[in-house]
Amino acid sequence: MPHHVGIIMDGNGRWAKTQGKGRLEGHKKGAEVARNVVQWAKNLGIKQLSLYAFSTENWQRPKLEVRGLMSLLSVLLPKTLPDMMQNGVRFKTLGDLSPLPSSAKRAVQKAVEATRHNTAIDLILCLNYGGQQEILAATKNVLRQALLQDHPEQAIEALTTSTFRDQMWCHDIAPLDLLIRTGGEMRISNFHLWDAAYTELYFTNVLWPDYSQQHLQHALADFQGRERRYGLTSEQVQS
Ligand code: FPP
């Protein structure tokens with residue numbers, strides 16, 4: 001079973017169109033499915049689940065849609081809290097929360113605080129998240145720290161991929177084992193870019209609001225049939 005699964009929940013808008021509804025109705029239905037997928041993932045033994053809820057680029061969507069997504073977050077998160085407590089879900093976020101409306105920030109802080117001792121599964125909601133921005137922020141940290149040293153070049157030379165990752169927002173989250181993207185597009189869209197080096201990718205045409213437990217199980221079965229070689233040969237991996 002993959003330890004850490006990430007999902008790009010794509011297709012809400014197209015789903016809404018097929019129903020003759022507005023895009024926000026698609027996001028509402030998508031949020032319901034997001035709530036369910038946490039439960040399915042927990043029951044299947046996944047320990048960390050990252051959901052890409054709002055990217056750094058999503059601010060450029062129509063104002064009404066951005067406002068709708070933010071208010072969905074502030075309204076639904078408190079409503080989901082009893083569920084999370086009952087299921088042992090530890091709620092975390094990944095991304096720069098500073099530009100979020102204060103109602104959304106408050107809801108996030110409350111959920112993080114209330115669930116911090118839960119241990120069944122980590123739900124990592126990626127909010128105003130971008131993989132390039134995450135790498136850039138880590139680079140700035142690393143350079144700032146190096147500049148405080150007597151020999152900054154030595155500090156920079158001593159950096160490894162592991163000590164660099166320690167400076168990233170995801171430093172306390174395991175590398176992403178499996179990335180699922182719904183909605184038929186085949187790209188990573190700035191999600192967990194650093195870890196994507198060795199993440200297994202799984203794409204499905206299913207639109208996010210139609211995603212079911214069976215779809216998740218198919219993705220997991222597919223993952224279990226893969227050989228993760230990390231640059232080695234198959235013979236090396238098997239021995
Ligand atoms: C992509 O579908 C989806 C998003 C950009 C938002 C995902 C949000 C949710 C599932 C709701 C829960 C999140 C919050 C913030 C409460 P799309 O709109 O790009 O769909 P399309 O490609 O069909 O247009």
Side-chain angles (χ1 to χ4, degrees), residues 5-41 49-84 89 91-112 115 121-133 179-192 201-213 215-216 219:
V5 175
I7 308 184
I8 301 179
M9 308 177 288
D10 199 9
N12 294 347
R14 279 165 284 165
W15 179 88
K17 209 169 186 178
T18 65
Q19 309 288 311
K21 294 177 175 168
R23 296 183 57 82
L24 261 181
E25 289 304 312
H27 292 315
K28 273 189 202 161
K29 179 72 181 154
E32 251 176 61
V33 176
R35 193 172 166 162
N36 292 337
V37 84
V38 179
Q39 175 99 48
W40 305 330
L49 177 71
S50 285
L51 298 181
Y52 206 0
F54 196 86
S55 76
T56 42
E57 290 71 33
N58 287 154
W59 294 107
Q60 287 147 40
R61 290 195 171 203
K63 273 199 175 70
L64 205 65
E65 184 170 346
V66 171
R67 227 178 292 147
L69 278 167
M70 290 300 147
S71 74
L72 256 187
L73 184 65
S74 350
V75 171
L76 293 185
L77 209 46
K79 281 193 184 161
T80 316
L81 201 47
D83 231 34
M84 290 200 276
V89 177
F91 180 80
K92 294 174 166 217
T93 61
L94 204 58
D96 173 13
L97 299 188
S98 55
L100 264 61
S102 42
S103 55
K105 276 193 276 206
R106 269 197 307 275
V108 163
Q109 269 162 6
K110 224 173 150 183
V112 169
T115 63
I121 184 169
D122 287 344
L123 164 61
I124 301 136
L125 202 62
C126 299
L127 288 169
N128 188 29
Y129 173 81
Q132 293 179 336
Q133 288 77 356
L179 165 55
I180 299 170
R181 181 179 187 136
T182 63
E185 311 287 357
M186 295 201 202
R187 50 178 174 262
I188 299 178
S189 296
N190 213 7
F191 191 47
H192 282 292
L201 307 176
Y202 182 91
F203 299 101
T204 169
N205 288 330
V206 177
L207 302 176
W208 178 248
D210 291 326
Y211 205 68
S212 68
Q213 180 165 4
H215 293 126
L216 177 63

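These numbers come from a predicted model, not from an experiment. Order of appearance sets the numbers: ligands from 1, and atoms from 1 within every ligand.
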Visitor: What residue and atom, counting heavy atoms only, is the protein's closest point to atom 4 (C) of ligand 1, and at what distance?
Guide: His27 CE1, 3.9 Å
Visitor: Asn12 versus ligand 1: do any nitrogen or oxygen atoms come within less than 3.5 Å of each other?
Guide: yes
Visitor: With only distance considered, is Ala53 within less than 3.5 Å of ligand 1 through an N or O on each side?
Guide: no
Visitor: Is there a heavy atom of Asp10 sitting under 4.0 angstrom from any atom of ligand 1?
Guide: yes
Visitor: Tell me whether ligand 1 is touched by Lys17 - counting only heavy atoms on the residue side and a distance under 4.0 Å.
Guide: no
Visitor: If the cut-off is 4.0 Å to any non-hydrogen atom of Asn58, which atoms of ligand 1 fall inside it?
Guide: 5 (C)
Visitor: Using every non-hydrogen atom in the two residues, find where Val112 and Lys92 come nearest and quote the distance to one decimal.
Guide: CG2-CA, 4.5 Å
Visitor: When only distance counts, is Arg14 in polar contact with ligand 1, meaning an N/O pair under 3.5 Å?
Guide: yes
Visitor: Could you check atom 3 (C) of ligand 1 against the protein and tell me its nearest heavy-atom contact, residue, atom and distance included?
Guide: Met9 O, 3.2 Å
Visitor: So between Lys28, Arg61, Arg35, whose heavy atom ends up nearest atom 19 (O) of ligand 1?
Guide: Arg61
Visitor: Give me the atom names and distance for the closest heavy-atom approach of Cys126 to Phe191.
Guide: SG-CE1, 3.6 Å
Visitor: Is the side chain of Tyr52 donor-acceptor paired with the backbone N or O of Asp10 at a distance under 3.5 Å, no angle test?
Guide: no
Visitor: So is Gly11 touching ligand 1 or not, going by heavy atoms under 4.0 Å?
Guide: yes
Visitor: With heavy atoms only and a cut-off of under 4.0 Å, state how Glu185 meets ligand 1: side chain, backbone, both or neither.
Guide: neither
Visitor: Taking all non-hydrogen atoms of both residues, which atom of Ala219 and which atom of Ile180 are closest, and how far apart?
Guide: CB-CD1, 3.7 Å
Visitor: Assess whether atom CG of Leu64 is packed by more than 12 heavy atoms of other residues, nucleotides or ligands within 6.0 Å.
Guide: no
Visitor: Could you check whether Lys28 pairs with Glu25 (Lys NZ or Arg NE/NH1/NH2 to Asp/Glu carboxylate O, under 4.0 Å)?
Guide: yes
Visitor: Under 4.0 Å from ligand 1, counting heavy atoms only, is it the side chain of Leu76, its backbone, both or neither?
Guide: neither
Visitor: Identify, by atom number and element, the atoms of ligand 1 in contact range of Gly30, meaning under 4.0 Å from any of its heavy atoms.
Guide: 10 (C)
Visitor: Provide the closest heavy-atom pair for Asn128 versus Pro99 in the form atom of the first, atom of the second, distance.
Guide: ND2-CG, 3.3 Å
Visitor: Checking side-chain polar atoms at under 3.5 Å, does His215 have a donor or acceptor matched by the opposite partner on Thr204?
Guide: no
Visitor: Using a 4.0 Å cutoff against the non-hydrogen atoms of Leu73, which atoms of ligand 1 qualify?
Guide: 16 (C)
Visitor: Evaluate side-chain contact (heavy atoms from CB on, under 4.5 Å) for Val37 paired with Leu51, printing each intermediate quantity in order.
Guide: CA-CA 10 Å; Val37 84; Leu51 298 181; 4.1 Å; yes
Visitor: Are any of the N/O atoms on Trp208, whether in the backbone or the side chain, positioned under 3.5 angstrom from an N/O atom of ligand 1?
Guide: no
Visitor: Would you please say whether a donor-acceptor pair under 3.5 Å links the side chains of Asn190 and Glu57?
Guide: yes
